[in-house]
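Let me begin by presenting the structure, written as C-alpha cells, before commenting on it.
Here the structure is a predicted model, which means the values were calculated and not measured. Just so we're on the same page: letters track the sequence lines, and every chain starts at 1.
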There are 2 protein chains.
Amino acid sequence: MVKPLIQKLEQFAKLSDEDRQVLEDAARDVKVIGPRQDIITEDDEPNDVHLILDGWAARYKMIPNGDRAILAYLIPGDLCDIHVTLLNQMDHSIGALSTCRVAFIPRQKMDEIMRRDGQLGRAIWWSTLVDEAILREWLVNMAHRSADKRLAHFICEMLLRSKAVGLTDDDSFELPLTQEELGDTMGLSTVHVNRTLQDLRAQGLITSRGKRLIVNDVDRLFEFSDYNPNYLHQVGGHKRDR
Amino acid sequence: MVKPLIQKLEQFAKLSDEDRQVLEDAARDVKVIGPRQDIITEDDEPNDVHLILDGWAARYKMIPNGDRAILAYLIPGDLCDIHVTLLNQMDHSIGALSTCRVAFIPRQKMDEIMRRDGQLGRAIWWSTLVDEAILREWLVNMAHRSADKRLAHFICEMLLRSKAVGLTDDDSFELPLTQEELGDTMGLSTVHVNRTLQDLRAQGLITSRGKRLIVNDVDRLFEFSDYNPNYLHQVGGHKRDR
DNA sequence: CGCAAGATTGAAGTACGTCAATTCCAGTGG
DNA sequence: CCACTGGAATTGACGTACTTCAATCTTGCG
C-alpha cells in the first residue's frame with residue numbers, strides 16, 4: 001500500500017521491517033479523491049497529514065487576477081505538509097488532478113513516527129528537505145530559463161521522481177497534465193506551451209502517446225536543459241559532472 | 001546579541017528567560033563576513049547552523065550559462081539551513097551581500113535546542129515553515145506577475161520582514177541591494193529593473209534615498225502588487241481581506 | 001454517434017532583453 | 001578641499017520571446 005513511499009525513503013536509509021509496518025499502520029485511512037477536487041483548501045486548519053498513494057495532485061495558489069499558480073506536483077509516495085499544523089492555517093491549497101487514492105494520517109500518529117528512534121524519522125525528514133530543494137530549483141527554473149529549457153527541465157525532474165517510486169518504464173512515464181496545467185506551472189500561456197512542446201518533439205527530445213511521455217534520449221534532454229539532478233539528493237543514480 | 005531572532009520568534013510564541021539565555025549561549029561564536037564572501041558554498045558539508053546577526057546575505061545558485069539566481073534574502077534574525085546536515089551536501093550557496101556578523105551554531109547544539117521541551121523549538125520550527133512559505137510565494141511572484149508588480153511585491157515582503165525584526169523606521173528600511181542583485185532575484189535585466197523602479201517612483205509608491213527605501217503608502221503598494229501577507233504567518237499585523 | 005475538453009494554428013501586439021553609451025556618486029589619495 | 005576612479009545607475013535604439021484573441025481541429029468518452 002505504501003510501497004512508493006518506502007521505495008523513495010530507501011534511497012536514503014535502510015528501513016527495518018518494523019519501520020515498514022509502522023508506515024502501513026499509519027496509512028490505513030484511505031480516501032479516493034476525484035479529479036479537480038481539493039484535498040486541502042487554503043485557510044483550512046488540517047488535522048491530518050496526507051500521503052499520495054496513487055494519482056497526481058498539485059499544490060497551488062489562486063491569484064487575485066484569476067490565475068492559478070501551481071507550486072508543486074505530488075505523486076505517489078509524496079507526503080503533503082508534515083507539520084503545517086504548527087502554522088495557524090494553510091496559505092495554499094492541494095487539489096487532485098487525476099483520481100487519487102490518499103491516505104489520511106492523523107497528526108498525532110505522524111508526530112509519534114517522527115519521534116521514534118531509528119531511520120524512519122530521519123528518512124522522512126530527508127524527503128521534506130528534498131521537497132524544499134525542489135521548490136528552490138523551480139524558482140531558478142521559472143525566473144532564469146527560457147520556455148523550452150524550462151519545460152525540458154521539468155520533464156527531467158518528473159522522470160527522475162517517477163523513477164524513484166517505480167512509476168517509469170524505461171524512460172517513459174505517465175504525465176497526466178493538460179497543457180493548461182503545464183502553463184499554470186511554468187508561468188506560460190497554453191499557446192506557448194503547445195508550441196514549445198511541438199518544438200521539443202521536433203528536436204526528437206521527447207515523444208508523447210496520449211498521457212504517456214517518452215524521453216527519447218535522457219542525456220540529450222539533460223544537456224539541453226542544463227539539468228543537474230543534485231538537488232534531488234538521490235543516491236546512486238544520475239550524477240552529472242560539470 | 002540575538003535580539004532580532006528573539007523578536008521574530010516572539011511573534012509566534014512567548015519565550016521564557018531560559019529560552020532566551022539558551023539562544024544567547026548558542027550564538028557565542030560570531031564571525032564577521034565581508035561583502036561578496038560566501039558563508040556556505042555549494043557542495044560544502046557544513047557542521048554549523050548560521051544565524052545572521054547583522055547585514056544582508058543571499059541564498060543563491062549559479063546557472064551553467066553564468067547567470068546567478070538569488071533564491072532568498074537572509075536578514076538579521078534569520079537562521080540558515082537548520083537541518084542541511086541531513087543531506088549529503090549543499091545544493092546552493094549562501095553569500096554575504098553587505099558586511100555581515102554571523103553566529104556559527106554547532107550542529108549538535110542546535111539539535112539540543114530543537115529537542116528541548118517548551119516553546120523555543122516550536123518557535124524555530126515555525127520560522128522554518130515560514131521560510132518555506134516565502135519560497136512558495138516567490139515562485140508565484142516570478143512565474144505569474146509582471147515586472148512592476150513583482151518588484152512591488154518583493155518590497156512589501158521585505159518591509160514586513162524588516163519590521164518584524166525591528167529594522168524599520170515607520171515605513172522605511174535599508175535595502176542594501178544593487179539593481180543587478182534585484183535583477184538576479186526577479187529574473188529581470190538590470191535595465192528593466194532600473195526602468196521599473198523609476199516607474200514605481202513616478203507613481204509615488206516608493207522613494208529611495210541611497211540604500212534606504214521609503215514606502216510612501218503601504219496600503220497603496222499592497223493594493224498595487226496584490227500583496228496578501230498571510231504567507232508570512234505573522235500574528236496581529238497586516239490582515240488583508242479579499 | 002455526438003459532445004466537450006483539450007490541442008493546434010495564424011496573425012498581431014507587447015513586455016521584456018540586449019547592446020552600447022553616458023551620467024552619477026561614494027570613496028580614495030593627494 | 002579637490003581631482004580621480006570604478007562601480008552603479010540611467011538612457012536610447014532596436015530586437016525577440018512571449019501573450020492574446022479567435023478560429024479550427026482532434027480526441028476521449030458517455
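- Ring-plane geometry between B:Tyr73 and B:Phe154 is classed as tilted, the angle between the planes lying from 30 to 60 degrees on a 0 to 90 degree scale.
- The salt bridge (charged side-chain N to carboxylate O under 4.0 Å, His left out) test applied to A:Lys61 returns B:Glu137, not counting sequence neighbours.
- Contact between A:Lys163 and A:Asp170 at its shortest, heavy atoms only, is CE-O, 4.0 Å.
- Nearest-nucleotide positions on DNA chain D place B:Arg36 closer to the 5' end than the other of B:Arg36 and A:Arg145.
- Residue pairs meeting the salt bridge (Lys or Arg N to Asp or Glu O under 4.0 Å) criterion with at least one partner in residues 45-58 of chain B, sequence neighbours excluded, do not occur; the list is empty.
- Residues B:Val49 and B:Cys80 share a closest heavy-atom pair of CG1-O, 3.6 Å.
- Nucleotides of DNA chain C that come within less than 4.0 Å of any heavy atom of chain A span, from the 5' end to the 3' end, C:dG6 to C:dA11.
- Using modelled atom types, one side-chain atom of A:Ser98 and one backbone atom of A:Trp56 make a donor-acceptor pair closer than 3.5 Å.
- Applying the ring pair (Phe, Tyr, Trp, His ring centres under 6.0 Å) test to every pair with at least one member in residues 189-213 of chain B, sequence neighbours left out, gives no pairs at all.
- The salt bridge (Lys or Arg N to Asp or Glu O under 4.0 Å) pairs that include a residue from residues 202-212 of chain B are B:Glu174-B:Arg212, where partners are two or more places apart or lie in different chains.
- Proximity of residues 186-206 of chain B to DNA chain D (heavy atom under 4.0 angstrom from any strand atom) is restricted to B:Val191, B:Asn194, B:Arg195, B:Gln198, B:Arg201.
- Within 4.0 Å (heavy atoms only), A:Arg209 reaches no atom of the nucleic acid at all.
- Of the possible polar contacts, one joining the B:Arg150 side chain to the B:Met186 backbone as a donor-acceptor pair under 3.5 Å is found.
- Residues passing the salt bridge (charged side-chain N to carboxylate O under 4.0 Å, His left out) test with A:Arg28, sequence neighbours excluded: A:Asp25.
- Contact footprint of chain A on DNA chain D: nucleotides with an atom under 4.0 Å from a non-hydrogen protein atom, first to last in 5' to 3' order, D:dC18 to D:dC21.
- Among residue pairs with one or both ends in residues 69-81 of chain B, those qualifying as salt bridge (Lys or Arg N to Asp or Glu O under 4.0 Å) are B:Lys8-B:Asp78, B:Arg59-B:Asp81, B:Asp78-B:Arg161; sequence neighbours excluded.
- At its two ends the helix from C:dC1-D:dG30 to C:dG30-D:dC1 runs along axes set 40° apart, each axis drawn from five pairs and the angle rounded to 10°.
- In this structure, the side chain to side chain donor-acceptor pair (under 3.5 Å) partners of B:His233, at least two apart in sequence or on a different chain, are A:Asn88, A:Asp91.
- Residues in residues 179-198 of chain B take part in these salt bridge (Lys or Arg N to Asp or Glu O under 4.0 Å) pairs, two or more places apart or across chains: B:Arg68-B:Asp184.
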